[in-house]
Amino acid sequence: MTVDSTIVTYLENLARIRLTDTEREKCTDDLQRIISYFDELDAVDTEDVLPLSHAFEQVNITRLDEVLPSFPTEAILQNAPRQKDNCFLVQRTVE
Amino acid sequence: MQYETVIGLEVHTELSTKSKIFCSCTTQFGGEANTHVCPVCAGLPGALPVLNAEVVERAVRAGLATHCTITRDNKFDRKNYFYPDLPKAYQISQLYFPICTDGYVELASGKRVRLREIHMEEDAGKLTHDPYADASLADYNRCGVPLLEIVTQPDISCAEEAVETVEKLRAILQYTNVSDGKMQEGSLRADVNLSVRPKGSQTLGTRTEMKNINSLRAIARAIEAEAERQIDLIESGGAVTQETRRWDDDAGESYAMRSKEDAQDYKYYPDPDLPPIHISEADIERIAESMPELPEAKKQRYMTELGLPAYDTNLLTSDLALVRLFEATAKAVSDPPSPADYKEASNWILGEVLRLASETATLPENFAFSPHSLAKLIRLVKSNTINRNTAKKVFKEVFAADTDPEAYVKEHNLAMTTDADAIRAAVEAVLAANEKSVKEYKSGKAQALQYLIGQSMKALKGKAPAPEVKALLEALLR
């Protein structure tokens, strides 16, 4: 797979960041090298290997359906850059 | 050209568990903003989500009730996107291994709408626009409330079928105690995927998706309007764009929200915080054994055991609140109820109860009266204490405020007279005052009797049993 500036621009949009031309060039190069590591994996025969999603063999870690007290609203809003009426005030997004 | 509509639904249902899917905050609807929130559902770094076991149970119940295959090895995936109703910037969902696959729901026509999958995920928060700050207010109380997303195949071909599919799913989810199915509180909402194509064509047209439609009526209206919009577009030489649209039910039209993301834009990957969930054969057997009677089975039983007609059973079993009312009412009339008691309870519910419910826009789960009050009223009619017309008037009071029918009848002196002498006196007076009708009857005019019955009932203020009055009149005229 070839990483070019079109793909990087596309990723910028998805990640909500804006790169300068110099950064984009460097990023294209870096991503190309990262992707090429996976070519090495492609070369390995994985016919009988199950896809791995977790590194540990733990399964079925669950909790009972019980309600515990939530956090105080002030504590939850502590990190809000702006707040109003006990809500996080964010950039207008309602369509 | 003739067109046909192809519809697939994504039905989201909030589960009626006590706590959220990955933390112990309450799932209670409403509440002051940001009072049902903790570091897990607020998406704070370092917080560890732990799966609520009850969510898996209910997902399996929903799957078994819809003839799905249950996935043994389940995983959760992160669906990444930026939107302020989602504080983690990803939703925990299931992309690769949804818990249930390949099921169906059967419509009354016998047509099966196939289900592609049912998967578990978390709900997002609620955003409201603040016109003063020209900003949005984010309330995360709903964040992390467990959801099942039920995805159908594009097997639906009109608004009626779509509505019926949602109704069937809703009843199944209620019966199995998976969800309360309250559409007005957002516990059940549907996304409609729709495309049109020339009639008979095998290839699918370009589809649009209308999101979060939360009433059956709106689903039907949205489908009709969108099919028409797409056909007009194609007829006038245009093409349908694949996009997400918002249905505005007040305006009766939809408008484009954003172009549809591809799945790859969500950068799905397995959630490393949540270990896989293995469901064993024993788990599935245990859940299957604990399943309650489902709508279809109940309908069959009502028809064969209680002798109710198909139309009545369809209506009765479509809503769990109606089922509960029906069964409790019949049982309160007499225990065990006779077939006539069942029929009478069913007639009342499908007649007066639903009529007043629709007049007052009251949902069955919010009825104010108890089954015992309705049963008392049925017993009053059964024992000839009041007649049907009076009973209907009394029921208005029962429906509005759970008024005790016995007390009401006594207080307003509505009970029928059982005094044979009083009835005879009234009837004789009517005969004396209506010589013309008496003559007509005797000369063979049968309708004259109806008039005399009417006059007699009027004289008795409707408080005498009509068959008795009729019999007495016939005897006196002989």
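Every chain is numbered from 1 and lettered A, B, ... according to where its sequence line falls, protein lines coming before strand lines.
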Seminar exercise, completed: Taken to the nearest 0.5 Å, the spacing of R63(A) CZ from N52(B) CG works out to 4.5 Å
Seminar exercise, completed: Interface check, chain B: of Q58(A), R82(A), Q83(A), E57(A), most non-hydrogen pairs under 4.5 Å belong to Q58(A)
Seminar exercise, completed: So, the part of N79(A) with a heavy atom under 4.5 Å from chain B: the answer is side chain
Problem set entry | Passing candidate, side chain to side chain contact (heavy atoms under 4.5 Å, CB included) with S24(B), options V67(A), L64(A), L68(A) | L68(A)
Exercise. Below 4.5 Å, heavy atoms only, C-beta onward: do L137(B) and L89(A) meet side chain to side chain?
Worked result: yes
Problem set entry | Side chains of P276(B) and H54(A) in contact at under 4.5 Å (non-hydrogen atoms) | yes
Problem set entry | C41(B) versus chain A, the contacting section by heavy-atom distance below 4.5 Å | neither
Exercise. Rounded to the nearest 0.5 Å, how far apart are OH of Y81(B) and CG of L14(A)?
Worked result: 14.0 Å
Exercise. K84(A) versus D130(B): any side-chain heavy-atom pair under 4.5 Å?
Worked result: yes
For this session: Tell me, for Y10(A) versus chain B, whether the close heavy atoms (under 4.5 Å) come from the side chain, the backbone, both or neither.
Result: side chain
Exercise. Quick one: what part of L274(B) sits under 4.5 Å from any heavy atom of chain A, side chain, backbone, both or neither?
Worked result: backbone
Problem set entry | Side chain, backbone, both or neither of K75(B) within contact of chain A (heavy atoms, under 4.5 Å) | side chain
Problem set entry | Largest heavy-atom contact set with chain B, pairs under 4.5 Å, which of L11(A), N13(A), V59(A) | V59(A)
Exercise. Got S70(A) and V37(B) here, is their nearest side-chain heavy-atom distance under 4.5 Å?
Worked result: no
Exercise. Given a strict heavy-atom distance threshold of 4.5 Å, which part of L77(A) is in contact with chain B: side chain, backbone, both, or neither?
Worked result: side chain
Seminar exercise, completed: Smallest heavy-atom separation, A33(B) atom then T73(A) atom, equals O-CG2, 3.9 Å
Seminar exercise, completed: Cut-off 4.5 Å, heavy atoms of chain A, and the answer for F22(B) is backbone
Problem set entry | Sub-4.5 Å side-chain heavy-atom contact between N60(A) and P275(B) | no
For this session: Specify which of C23(B), P272(B), A42(B) makes the most heavy-atom pairs with chain A at under 4.5 Å.
Result: C23(B)
